[in-house]
Amino acid sequence: MLPEAFYARPAEVVAPALLGQTLVVTVGSVQAQQDTNSERSARTHQRDKRQLPAGRYRVRIVETEAYVGTHDLACHASKGRTPRTEVMFGAAGLVYVYLIYGMYHMLNIVTGQVGEGQAVLIRAVEPLEPPTLPVNTNGPGKLCRALDIDKRHNGRSLHRSLHKSLRGSLQSEALHLCAGTPPRRIITTPRIGIDYAGDWKDAPLRFFDADSAYVSKQRKQ
DNA sequence: CCTGTGATCGTCT
DNA sequence: GACGATCACAGGG
C-alpha cells in the first residue's frame with residue numbers, strides 16, 4: 001500500500017507518479033448489490049451490462065489529470081468550500097467522487113496539504129487481474145461504471161479500511177492503491193473537457209502512459 | 001477524419 | 001434555472 005507521504009505532494013507531481021500504480025477495487029458487497037439492483041430494475045437494466053460482476057479487481061492506472069488547487073479555474077476547489085468540495089480540502093489520500101452530467105461518476109484522490117483543495121482525477125485504467133475485462137475502462141466515467149465506484153466511496157481513505165472487513169467478506173467501499181510498474185514513457189497534454197477554465201485550459205496537467213492501449217479516446221496527442 | 005448533440009440530475013447562483 | 005473534470009451515436013467531408 002502506498003504511504004500517505006506519496007499523496008501529500010503537489011497534484012502535478014502525484015498525477016504522473018500515479019501512472020503504473022495498482023488500484024485494487026472490491027465490487028459488489030451483498031448490501032450494495034441489493035441496493036443497486038432494486039433501484040435499477042425499477043427503471044432500466046441497461047447498466048448491469050456495463051458493470052463488472054462482484055469480485056476483487058486489480059487494475060493499472062494509465063491516465064490521470066492534476067487539479068492543483070483553489071487558484072486553478074478548472075478545479076472544483078476554485079469555487080470555494082461547499083458541501084461537495086469539502087472532501088478536496090481534506091487530507092491527502094482521501095477519495096473524492098462526484099457525479100457529472102447526471103450520469104457519470106468521477107474518481108479522484110486528494111493530494112497536497114490539508115486546505116489546499118487539490119486532487120488527481122483517474123481517467124483510465126487497464127486490467128491486471130483478471131488480465132482482461134468484459135467492459136471498457138478507458139475513460140473516467142466508464143471505469144467508475146465498470147467498477148461500481150460512486151458516492152459511497154466519497155470521503156473514504158485509501159489507507160484505512162483494509163483490515164476492518166470481515167474475513168472473506170466483500171467490502172463494497174474498499175479502494176486501495178499498491179505499488180505497480182511505472183510506464184516507460186509518459187505523455188503530457190492539456191486536460192480534457194475544461195474549455196471554460198480560461199487561462200488554465202491549456203495547462204499541461206494531463207498525463208498518460210504512452211504505451212497503454214487503454215488511454216481514453218480523446219484528443220490527438 | 002471531423003463536429004454536433006442528446007441524455008440526465010446534483011450542485012450552486 | 002444553468003451548467004457540467006462524459007459518452008455514444010449521428011451525419012458530413
Side-chain angles (χ1 to χ4, degrees), chain A residues 7 10-12 14-16 18-19 23 35-36 39-52 61-90 94-112 116-125 133-155 175 187-208 213-221:
Chain A
Y7 308 102
E12 66 269 28
V14 178
L18 277 171
L19 298 177
L23 179 65
D35 288 350
T36 55
E39 284 175 10
R40 282 162 200 159
S41 60
R43 307 183 155 191
T44 169
H45 37 83
Q46 167 183 12
R47 193 173 170 197
D48 288 342
K49 196 166 164 248
R50 303 269 190 178
Q51 186 173 309
L52 292 167
I61 297 172
V62 297
E63 179 178 348
T64 59
E65 280 177 0
Y67 290 84
V68 301
T70 55
H71 56 297
D72 175 1
L73 296 181
C75 182
H76 288 170
S78 68
K79 306 294 187 184
R81 295 179 98 111
T82 69
R84 181 178 64 156
T85 63
E86 190 58 31
V87 172
M88 287 189 87
F89 290 92
L94 289 181
V95 174
Y96 170 48
V97 176
Y98 65 90
L99 181 70
I100 191 67
Y101 301 116
M103 59 184 84
Y104 296 103
H105 291 277
M106 299 284 110
L107 170 62
N108 299 259
I109 297 167
V110 176
T111 69
E116 288 185 319
Q118 301 184 356
V120 172
L121 170 68
I122 309 301
R123 285 192 56 90
V125 298
L133 295 175
V135 298
N136 291 328
T137 57
N138 59 337
K142 285 187 277 188
L143 75 88
C144 284
R145 184 176 57 192
L147 296 167
D148 197 25
I149 291 169
D150 59 27
K151 287 293 211 354
R152 286 174 299 128
H153 301 270
N154 190 48
L175 272 184
I187 292 180
T188 303
T189 77
R191 295 169 291 183
I192 305 292
I194 53 143
D195 286 350
Y196 61 86
D199 291 339
W200 282 87
K201 80 172 157 58
D202 296 319
L205 293 172
R206 170 179 177 239
F207 308 90
F208 63 90
Y214 291 84
V215 170
S216 68
K217 310 281 191 198
Q218 317 269 348
R219 222 113 182 169
K220 23 196 162 185
Q221 174 192 138

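Within every chain, numbering begins at 1; the chains are lettered A, B, ... in the order of the sequence lines, protein sequences first and strands thereafter. The figures that follow rest on heavy atoms only: side chains count, while hydrogens, waters and symmetry mates do not.
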>> Given A/His76, which partner from the list A/Tyr67, A/Tyr98, A/Phe89 fulfils the ring-ring contact (aromatic ring centres under 6.0 Å, His included) test?
In response: A/Tyr98
> Between C/dC7, B/dG10, C/dA5, which one does the side chain of A/Met88 approach most closely?
Replying inline: C/dA5
> For the residue pair A/Val110 and A/Tyr7, what are the closest heavy atoms and their distance?
Replying inline: O-CB, 4.0 Å
> When the C1' atoms of B/dG10 and C/dA8 are considered, how many whole Å apart are they?
Replying inline: 22 Å
> Does B/dA7 have A/Tyr101 stacked on its base, where the ring centres are within less than 5.5 Å and the planes differ by under 30°?
Replying inline: no
>> What is the distance, to the nearest angstrom, from the CG atom on A/Asn138 to the P atom on C/dA8?
In response: 8 Å
>> Nearest whole Å is fine: how far is C/dA5 P from A/Leu205 CG?
In response: 15 Å
>> Under 3.5 Å, is there any donor-acceptor pair linking the side chain of A/Tyr98 to the base of C/dA5?
In response: yes
> Hey, does the side chain of A/Lys217 come within less than 4.0 Å of C/dT6's phosphate (OP1/OP2), counting only N and O?
Replying inline: no
>> Using whole Å, what does the distance between atom P of nucleotide C/dG4 and atom CG of A/Leu73 come to?
In response: 13 Å
> Rounded to whole angstroms, how far apart are CE on A/Met103 and C1' on B/dG6?
Replying inline: 8 Å
>> If you compare all heavy atoms of A/His71 against all heavy atoms of A/Trp200, which two are closest, and at what distance to 0.1 Å?
In response: O-NE1, 3.1 Å
> For A/Lys79, which contact category applies under a 4.0 Å heavy-atom criterion: base, sugar-phosphate, or nothing?
Replying inline: nothing
> Out of B/dC12, C/dG4, B/dG10, which nucleotide sits closest to the side chain of A/Ile100?
Replying inline: C/dG4
> Can you tell which of B/dC12, C/dC7, C/dA5 lies closest to the side chain of A/Ile194?
Replying inline: C/dA5
>> Could you tell me how far apart A/Glu63 (CD) and C/dA5 (P) are, to the nearest whole angstrom?
In response: 16 Å
>> With a 3.5 Å limit on both atom pairs, tell me what C/dG4 is paired to, counting Watson-Crick and G-U wobble, or say none.
In response: B/dC9
> Does A/Arg84 have a side-chain nitrogen or oxygen under 4.0 Å from the phosphate oxygens OP1 or OP2 of B/dC9?
Replying inline: no
>> Is the phosphate of B/dT11 approached by A/Lys151 (side-chain N or O, under 4.0 Å from OP1 or OP2)?
In response: yes
>> Does A/Leu121 reach a base, just sugar-phosphate, or nothing at all? Heavy atoms under 4.0 Å.
In response: base
>> Does any part of the side chain of A/Asn138, heavy atoms only, come nearer than 4.5 Å to the side chain of A/Lys217, both counted from C-beta?
In response: yes
> Separation of A/Asn154 atom CG from B/dG10 atom P, in whole Å?
Replying inline: 15 Å
>> On a heavy-atom basis, which atom in A/Glu86 and which in A/Arg81 lie closest, and how many Å separate them?
In response: OE2-NH2, 3.1 Å
>> I need the CG-C1' distance between A/Leu143 and C/dA5, as an integer number of Å.
In response: 12 Å
> Out of C/dT6, B/dT8, C/dA8, which nucleotide sits closest to the side chain of A/Arg145?
Replying inline: C/dA8
> To the nearest Å, how far apart are A/His105 NE2 and B/dT11 C1'?
Replying inline: 14 Å
>> At less than 4.0 Å, is any side-chain N or O atom of A/Tyr104 found next to OP1 or OP2 of B/dA7? Yes or no.
In response: no
> For A/Arg81 and A/Gly102, take the nucleotide of DNA chain B holding the closest heavy atom to each; which residue's nucleotide lies nearer the 5' end?
Replying inline: A/Gly102
> Does some side-chain heavy atom of A/His105 sit less than 4.5 Å from a side-chain heavy atom of A/Ile149?
Replying inline: no
